Amino acid sequence: MITVTDLVDSLGAGFLRTVVPAGDRAVHDVALAEPGDTVGQPGELVLGVGVTDRAAALALLEQAAEATAAGLVLKGDVAHDPRVIRAVRRLAGPALVELQPHTSWAHVVWLLRGVIDRAFAPDTGILGTPGPHTDLFALADKAAEIIDAPVTIEDAQSRVLAYSARQDTTDPARVSTIVGRRVPPETLTHFRASGVFRRLARSSDPVWTPAGPGGILPRLIVPVRAGGEWLGSIWAVVKSPVPPERVRALGDVASVLALHLLRLRAEADIARRVSAGQLRTALREGTVPVREPGAATALPAGPWRVVAFGSVRGTGTAGEPRAAGGTGTAGVAEDVRRQLDLWESVARRFGWHQPLLADLDGLLFALVTERPPGAQRTTPGTPADAGAGTLDWLRRVLTEIRSHDPGLYAAAGRPAHSPDQLPRSTAEAVELHRLIGTGRVPLARGAGTVLMEDAWDTVVVERARTALGTDTCLLGGPLAALRAHDEEHGTPYLATLAAWLDHFGDPQSAARLLRIHPNTLRYRLRKLEEVAPVDLSSPRLRLALRLQLAALGEVPPPGEVPGS
């Protein structure tokens, strides 16, 4: 399922902008609506082509709302008309979206159609299917024909997207670029030092660079831009300056190329959103969607572990990891999106080319596979992507990246051997994440992956403490009287009892914890029994007392005991 928000975010603010959102309405198709036309199919994104006045917009809006359309796209001042906006809110949908002034309807229809088609075929690889990526090579050949020189098409991160068939007069840097699908670091350094990328990012003008060290030949670089955003560049290896008319023709190719790059980016983004949506459903409900009849499910072979990512750089008022993006809901959402981008980049860098990542209820999750007993494990010297997406892989990745950011961690629930066990593993990952954030489960030095099995004892106590609640003293026992005495007279009887219980009745160890003499400890035990007699010889009674003390949460840490 894709929503209006997904589509708008995928195409970017250079094309569409949401004026009034409408929740998570799913989009299934695009419909053109001329003035006077009748529209009406559930899930359609209605494009108000030719709608330029308030009356026509309101009439079209009424039809779209009656048909439960997903959204209505308008262009110009009518998209901001106060009466239109009030009508959208009164009808509680469809979403109202503005088409930016510089954008043509033909372009946006082509882009939307490609993105929606891609969303309903998420199992096809972008590189292996006909469409925009295949067209890039045809555009590269066309550019090479115009400029009479070898051409590569690169994105803003200097990754090679396509290249012309003709590469007969290239230099070693170009050969390395095509073979490695990325510009070599030393070549990037040369062009950065020449100010090439700074000019490409700021201007639409072509850039000419002379020959450089290491046999680098001259180049003509034409930036590819859309809506003011730099999307990529056309790079041509040329031996001499190019005539102006050919440069202008190459600029026309760049304009067409901009649409293809936008569509590619939108398709990749929408595919990620669809995958994340399927993963959210699996984590929350334990159901795995099947892509085609008889085809494999959207998940790899299990068993799986659900992992919650976090950081211990700071804690909020509830003791949980604080969102770097802000304190409100919007800030938390922004922080999760930033974490998602970060972890997707990390995962791809370490060989997990299709990472299973999704945000859910303000946290970022991954689904990794648990190697079954007897499975072959990765050995030293194997490729970096061997076992990518497994628990062992995650341990290695976290160990490496924590050398730069020691606050990062991953909290993993127990293995899920079938999809219906995924919600349980998710809940355990969340529980463990919170315990790490409050400091109740410390991170081992050099390690960032914590399994539920590693912290089971803390989890058991925390669950019991939560179940008991803070009114546990009302159940009976000596704690109510001891707490009242501590509050009235400043005595440390609760802390003394907790230390004695934690150290198996060993007065030496308990006294060291409280930083008092053992005789002082014995004296306090005698005095507290005068306040509230208790039989500490009973194991069940000792367990009940310790759980009550944990639930009260009033036992001060070592070194802060009153009266010590």
Side-chain angles (χ1 to χ4, degrees), residues 1-34 37-51 57 60-75 78-79 84-85 87-89 91-100 103-124 126 129 131-132 227 259 262-281 289-292 298 333 337 358-359:
M1 182 188 81
I2 57 172
T3 66
V4 177
T5 301
D6 291 336
L7 284 174
V8 172
D9 290 346
S10 297
L11 293 186
F15 278 77
L16 300 173
R17 187 182 72 84
T18 300
V19 179
V20 181
D24 293 326
R25 292 199 177 190
V27 179
H28 302 291
D29 203 354
V30 177
L32 298 177
E34 297 285 354
D37 283 354
T38 300
V39 297
Q41 292 294 333
E44 284 185 340
L45 183 64
V46 180
L47 308 182
V49 180
V51 176
L60 184 58
L61 174 61
E62 292 284 349
Q63 292 184 28
E66 185 177 354
T68 64
L72 175 62
V73 182
L74 299 174
K75 189 175 185 179
V78 68
V84 174
I85 292 175
V88 172
R89 289 174 175 158
L91 295 168
L96 179 60
V97 179
E98 176 196 12
L99 180 69
Q100 298 289 35
T103 306
S104 72
W105 287 106
H107 286 167
V108 80
V109 169
W110 183 77
L111 286 169
L112 288 170
R113 171 57 58 203
V115 172
I116 292 174
D117 290 345
R118 179 71 176 87
F120 284 96
D123 55 333
T124 55
I126 293 178
T129 57
L259 290 176
L262 278 172
R263 181 174 169 183
L264 273 176
R265 186 177 68 178
E267 288 181 356
D269 184 73
I270 211 71
R272 184 179 75 172
R273 290 171 181 265
V274 169
S275 175
Q278 292 177 341
L279 183 55
R280 287 190 202 100
T281 300
V290 178
R291 294 174 177 175
E292 294 292 343
R337 285 194 296 270
D359 59 299

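As the structure is a prediction and not an experimental result, all values here were calculated from the model.
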Worksheet, complete the sentence: Smallest heavy-atom separation, L45 atom then L72 atom, equals CD1-N, 4.3 Å
Response to the item:
Correct closest heavy-atom pair for L279 and A358 would be CD2-CB, 3.8 Å
Practice prompt. Please list, chain by chain and in numerical order, all residues satisfying side chain to side chain contact (heavy atoms under 4.5 Å, CB included) with E66, sequence neighbours excluded.
Written response: none
Practice prompt. Measure across E44 and A69 and return the closest heavy-atom pair with its distance rounded to 0.1 Å.
Written response: O-CB, 3.5 Å
Item to complete: Using side chain to side chain contact (heavy atoms under 4.5 Å, CB included) as the criterion, point out the one residue from L99, V19, V4 that pairs with V73.
Response: L99
Discussion item. Counting C-beta onward and ignoring hydrogens, is there a side-chain heavy-atom pair between K75 and V51 closer than 4.5 Å?
Written reply: no
Worksheet entry | Exercise: identify the closest heavy-atom pair between V46 and A64 | CG2-CB, 4.4 Å
Practice prompt. Compare all side-chain heavy atoms of L7 with those of L16 and state whether any distance is below 4.5 angstrom.
Written response: no
Response to the item:
In short, V84 meets A57 closest at the heavy-atom pair CG2-CB, 4.1 Å
Practice prompt. Determine the minimum heavy-atom distance between P21 and A95, stating which atoms define it.
Written response: C-CB, 4.3 Å
Practice prompt. Could you tell me which residues satisfy side chain to side chain contact (heavy atoms under 4.5 Å, CB included) with L91, sequence neighbours excluded, listed by chain and number?
Written response: L61, E62, A65
